[in-house]
Amino acid sequence: QVQLVESGGGLVQAGGSLRLACAASGLTFNIFTMGWFRQAPGKDREFVSGITGNGGNTYHANSVKGRFTISRDNAKNTVYLQMNGLKPEDTAVYYCARSKSGRSTIGIQAEEYAYWGQGTQVTVSS
């Protein structure tokens, strides 16, 4: 059974940093693209960042490009999201997800991901 458990969320002031982690179990971690999504109250879930199975390619949404960095440690079955220069509009529940298939492409649609964590709240105060 695939399990994804996020951690690292919290309350931070604008301009601050947080590092999210997503620990995976029950899957062959290094063969799947992993993604981070977020959902703010009253808004649709949106893609944030993705990383291919071997970590060779990453992709970030324009809204976070230059501020967020996704990485993974396949030996630890963990994917990370380093978030710097946080803004109040980054406030949301952040979810990690495993792609349905493929290790060399990064999907940006939620429908392309098969398994999801429970989410971790990130709140950025102004």
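None of these values were measured; they are calculated from a predicted model.
The backbone N or O of Gln118 sits less than 3.5 Å from a side-chain atom of Glu6, completing a donor-acceptor pair. Although no hydrogens or angles enter the test, the distance criterion places a donor-acceptor pair under 3.5 Å between the side chain of Asn74 and the main chain of Gly53. With hydrogens and angles ignored, the 3.5 Å screen pairs a side-chain donor or acceptor of Arg67 with a backbone N or O of Gly85. In this structure, Tyr113 contributes its side chain and Gly107 its backbone to a donor-acceptor pair below 3.5 Å. The closest donor-acceptor contact from the side chain of Arg72 to the backbone of Phe29 lies under 3.5 Å.
The two residues Met34 and Leu4 have their closest heavy-atom pair at CE-CD2, 4.0 Å.
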- Message: As a quick check of understanding, evaluate side chain to side chain contact (heavy atoms under 4.5 Å, CB included) for Tyr95 and Thr120, giving each step before the final call.
- Response: CA-CA 7 Å; Tyr95 300 89; Thr120 186; over 6 Å; no
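Under 3.5 Å, the side chains of Thr78 and Asp73 contain no donor-acceptor pair of N or O atoms. Neither side chain, Glu89 nor Thr91, offers a donor N or O lying under 3.5 Å from an acceptor on the other.
Linking Ile, Leu, Val, Met, Phe, Trp and Tyr residues whenever their side-chain heavy atoms come within less than 4.5 Å places Val48 and Leu86 in a single cluster.
Every pair passing side-chain hydrogen bond (donor to acceptor under 3.5 Å, both in side chains) that includes a residue from residues 51-62 is listed here, sequence neighbours excluded: Ser49-His60, Thr52-Asn54, Asn62-Lys65.
Taking the six-membered ring for Trp and the full ring otherwise, the centers of Phe47 and Trp36 sit at least 6.0 Å from each other.
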